[in-house]
Protein chains: 2
Amino acid sequence: MQFSKSTAYGLHALMLLAKSERGRNVGIKELSSSLGASESYLSKIMSKLRQDGLVRAVTGVNGGYELARAASEITFLDVVQVLEGRQHLYECFHGSDHPLPALEAAGDEPETPEFAFGEGCPVKQVMDAAEQQMNRYLQQHTIQLALNQAGSCDAHTACKK
Amino acid sequence: MQFSKSTAYGLHALMLLAKSERGRNVGIKELSSSLGASESYLSKIMSKLRQDGLVRAVTGVNGGYELARAASEITFLDVVQVLEGRQHLYECFHGSDHPLPALEAAGDEPETPEFAFGEGCPVKQVMDAAEQQMNRYLQQHTIQLALNQAGSCDAHTACKK
DNA sequence: ATATAATGGATATTACAGATCCATAATAAA
DNA sequence: TTTATTATGGATCTGTAATATCCATTATAT
Ligand code: SF4
Ligand code: SF4
């Protein structure tokens, strides 16, 4: 399980837009050369961000992108949810029937299974709550916040992963 | 981004082992029929869990699996890390050079970039900390804990996702 | 010995992220 | 109006990782 490259690109693109002076549109050429992503690929990502109302886009000469609202109003969670999707991280055996019927086979009452299923299921509860912990943190951190942090930072250490 | 099916299988398998009486080995046949996974696939998963010391396995007649330590000593994080790997959820532009050199192009001193990179980078800091929130929660919740929850649960609601 | 049961290597299959291409629409400027 | 510019969205290709199966081998109880 990993965040997609798209999320990394999206976050960085928004950081760049947040830095650019308000009112000025930043084109896909500029963004892609800064981020080292192809124009075609990055434009898909920007398009998604636009569809979800995080950025505005204007076509034509001097067109490009700008933030649709203040950087302090765009959370990391916003970006992650647009680019990773909004499904839960943990899904119970997609597509198939419930995997634990055999547990009931031994018992006599189908109404009192050994595990609880559905909403009350302890496995799913833990996994969903764990996801929630991460989401809460992402929601509390905005692009603006990260931008501020950048100001008070140490010397450059190249990231050549 | 989603947890793999393997993680779901692994968690459920451990729940089953935790329920089974101590000392009794549970075979792959029994597990796979309970979980609805193929024997071959599930055995790979069990093998990983064994290599990481979460379960013990014994071959041959009456062989099978049992927990290697108390269910109260096996956390959800243990399972997730074995089956999802231990890489960070967020990795900076794997393989390529750092994506933001253009930011420095405008400036004069390469030693004072507009963004901080590497360890101090605000983007990576937020993403890693978010992951940490989830991991902490997963570490605080054990198989035993989930098992206890199951006892105090409401009526069965089939999970036919 | 024999039947049982996990192991690990090899390999196939599938799904999805990553990536590119192109025809179209929208916009500003000449 | 024409032209150059720029984003859009559909189609499609590719590469990789998750999923899945097969089988030869090893280990163990009876
Ligand atoms: S037992 Fe719980 S976690 Fe497992 S499939 Fe059912 S509802 Fe989901
Ligand atoms: S700017 Fe930060 S998050 Fe982006 S690639 Fe560099 S170190 Fe990673």
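Lettering follows sequence order; numbering is per chain, from 1.
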(request) Verify side chain to side chain donor-acceptor pair (under 3.5 Å) between N148(B) and Q144(B), making sure each step is shown before the conclusion. (result) CA-CA 6 Å; N148(B) 296 342; Q144(B) 182 63 54; 2.9 Å; yes
(request) Between dG18(C), dT20(C), dT19(D), spot the one nearest the side chain of S6(A), thanks. (result) dG18(C)
(request) Please indicate whether R86(A) has more than 12 foreign heavy atoms, meaning atoms of other residues, nucleotides or ligands, lying under 6.0 Å from its CZ. (result) yes
(request) For the pair D78(A) (side chain) and T75(A) (backbone), establish whether a donor and an acceptor sit closer than 3.5 Å, ignoring hydrogens and angles. (result) yes
(request) Could you pull out the closest heavy-atom pair between A68(B) and R56(B), with the gap in Å? (result) O-NH1, 3.3 Å
(request) Measure the distance from CG on L42(B) to P on dA20(D) and round it to the nearest whole Å. (result) 11 Å
(message) If I take atom CE in residue M1(B) and atom C1' in nucleotide dA15(C), what distance separates them, rounded to the nearest angstrom?
(response) 18 Å
(message) Please report the distance, rounded to the nearest Å, between CD in E91(A) and P in dA18(D).
(response) 17 Å
(message) Just the rounded figure in Å: distance from P of dT19(D) to CD1 of I45(B).
(response) 8 Å
(message) Keeping T7(A) on the side-chain end and F3(A) on the backbone end, is there a donor-acceptor pair under 3.5 Å?
(response) no
(request) Assign S40(A) to base, sugar-phosphate, or nothing according to its heavy-atom contacts below 4.0 angstrom with the strands shown. (result) base
(request) For dA19(C), take OP1 and OP2 only and decide whether either is under 4.0 Å from a side-chain N or O of K5(A). (result) yes
(request) Can you tell me which residue pairs pass the salt bridge (Lys or Arg N to Asp or Glu O under 4.0 Å) test with a partner in residues 127-140 of chain B, sequence neighbours excluded? (result) K124(B)-D128(B)
(message) Any side-chain N or O of S38(A) below 4.0 angstrom from OP1/OP2 of dT20(C)?
(response) yes
(message) Could you tell me how far apart N25(A) (CG) and dA28(C) (P) are, to the nearest whole angstrom?
(response) 10 Å
(message) Whole angstroms only, please: what is the CZ-C1' distance between R56(A) and dA26(C)?
(response) 17 Å
(request) Would you kindly give the CD-to-P distance between E84(B) and dA18(D), to the nearest whole Å? (result) 8 Å
(message) Rounded to whole Å, how long is the line connecting atom OH of Y9(A) with atom C1' of dT20(C)?
(response) 14 Å
(message) Nearest 0.5 Å, please: how far is OG in S6(B) from CG in L83(B)?
(response) 6.0 Å
(message) What's the angle between the local helix axes at either end of the helix from dA1(C)-dT30(D) to dA30(C)-dT1(D), using five pairs per end and rounding to 10 degrees?
(response) 20°
(request) Do nucleotides 4-13 of chain D as a string where each nucleotide becomes B, S or -: B if the base has a protein heavy atom under 4.0 Å, S if just the sugar-phosphate does, - if no protein is that close. (result) BBBSSBBB--
(request) Please answer whether the main-chain N or O of S4(A) pairs with a side-chain N or O of E84(A) as donor and acceptor at a distance below 3.5 Å. (result) yes
(request) Using a strict 4.0 Å threshold on nitrogen-to-oxygen distance, state whether R24(A) and E30(A) make a salt bridge. (result) yes
(request) Measure from the side-chain heavy atoms of Y41(A) and tell me the nearest of dG18(C), dA20(D), dC21(C). (result) dG18(C)
